[in-house]
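Okay, so here's the structure we're looking at.
Residue numbers start at 1 and run along the sequence shown. Ligands are counted one by one from 1 in listed order, and the atoms in each one are counted from 1 as well. Basis for what follows: all heavy atoms, side chains included, without hydrogens, waters or symmetry-related copies.
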Amino acid sequence: MLKGTIIKGIGGFYYVKTEDSLYSCRARGKFRKDSLTPIVGDIAQIEVTDNEKKEGYVIDILPRKNELFRPQVSNIDLLLITFATQSPEPSLTLIDKLTVTAAARGVNCAICINKCDLNSEQAEKYANIYSSAGFQVLMVSAETGENVDALKDLLKGKTTALAGSSGVGKSSLLNAIGESFNLKTGGVSDKIHRGKHTTRHTELFPLSFGGFVFDTPGFGSFEIENISYRDLPSLFPEIKAHEGGCRFTGCSHIKEPDCSVKAALSEGKIPQSRYDSYTELYEELKKIKDWQR
Ligand SMILES: Nc1nc2c(ncn2[C@@H]2O[C@H](COP(=O)(O)OP(=O)(O)O)[C@@H](O)[C@H]2O)c(=O)[nH]1
Ligand SMILES: [Mg+2]
Ligand SMILES: [Zn+2]
């Protein structure tokens, strides 16, 4: 029996990368019965049926460390939330929804600000917001190569999912760190150009210096619908850090008096844009009844 990582699943076949080979495998019947489906990122145990052709069966998968559902991937060490200083203009609300999704799923996340060559002032502004919120922040440029070595260090030895809107430079960054996936890059407003690379399935690429990177059709939608508004404060690290001094237990940190979170906000210890995302999400989640989750 061999152990490997599922790097791709297409048409009923799972591609399993072991230490020194790649096997195409079908899943054993047990998966249908157990209503458990192998997904990209899973560590699989395989039985090799043909060593020449590199074929086999997925016999079992090891318990998942964590899992995201849109797209479905597992065992993520790092969600690298990537956006550009401009072109396209970032939506901080969407970025904050991603940090909340990651926190709710127990996935560690960091912030990567690309296209710093275009607007260093905006880069600094965003970096301040996210580092004071408690995240590791990288300011990079795939174009000039600025801090691309730091990005490489961050990815080394980890399984990373790059999340971010189309056009922010995810493929360019992977090309810039010298990995030969040959990911094509596409212009922002170049939608009809036939050569534009669109990822149609999820795939896990091994990094030459150790680690893996997911290339996925995009983490464009969010999984916040399963989160209770009561848990929201604990999913914002900077809000969690300033809770505890509020007058009311179960303080929502929105309308109550004597709130230590609002005090921290007015002292500039919590970024305004993060607090705005918090209140917006809180109201949104409060509308979802518990039985709807
Ligand atoms: N000025 C500048 N342009 C960049 C940078 N990174 C990527 N681009 C450009 O942005 C466009 C989209 O990049 P791409 O890597 O396809 O983005 P993806 O959709 O996130 O994979 C391409 O035209 C790239 O050449 C950067 O750091 N600076
Ligand atoms: Mg791309
Ligand atoms: Zn409070």
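Under the 30°/60° scheme for interplanar angles, the aromatic rings of Tyr278 and His253 are found to be tilted. Between Phe135 and Tyr130, the angle of the ring planes lies from 30° to 60°, which puts this pair in the tilted group.
Close approach of ligand 1 to Val168 (heavy-atom distance below 4.0 Å) involves ligand atoms 17 (O), 20 (O). Of all the atoms in ligand 1, the ones that sit under 4.0 Å from a non-hydrogen atom of Lys170 are 15 (O), 17 (O), 18 (P), 19 (O), 20 (O), 21 (O). Against a heavy-atom cut-off of under 4.0 Å, Glu143 is close to the following atoms of ligand 1: 2 (C), 3 (N), 26 (C), 27 (O), 28 (N).
Note: Phe214 and Phe205 fail the aromatic proximity criterion, with ring centroids not under 6.0 Å apart.
Note on Ser171: counted as a metal contact of the Mg ion (ligand 2), an N/O/S atom lying under 2.8 Å.
Within the 3.5 Å criterion, the main-chain N or O of Thr159 finds a donor-acceptor partner in the side chain of Asp77.
By the 4.5 Å heavy-atom criterion applied to side chains, Ile6 and Ile43 are not counted as neighbours.
Here atom 15 (O) of ligand 1 lies nearest to Ser172 when heavy atoms of Ser172, Ser165, Cys116, Ser87 are compared.
Contacts of Leu118 with ligand 1, taken as heavy-atom pairs under 4.0 Å, involve the side chain alone.
At least one N/O-N/O distance between Gly167 and ligand 1 falls below 3.5 Å. Among the atoms of Gly169, some N or O lies under 3.5 angstrom from an N or O of ligand 1.
Residue contacts with ligand 1 leave out Gly164, since none of its heavy atoms falls under 4.0 Å from the ligand.
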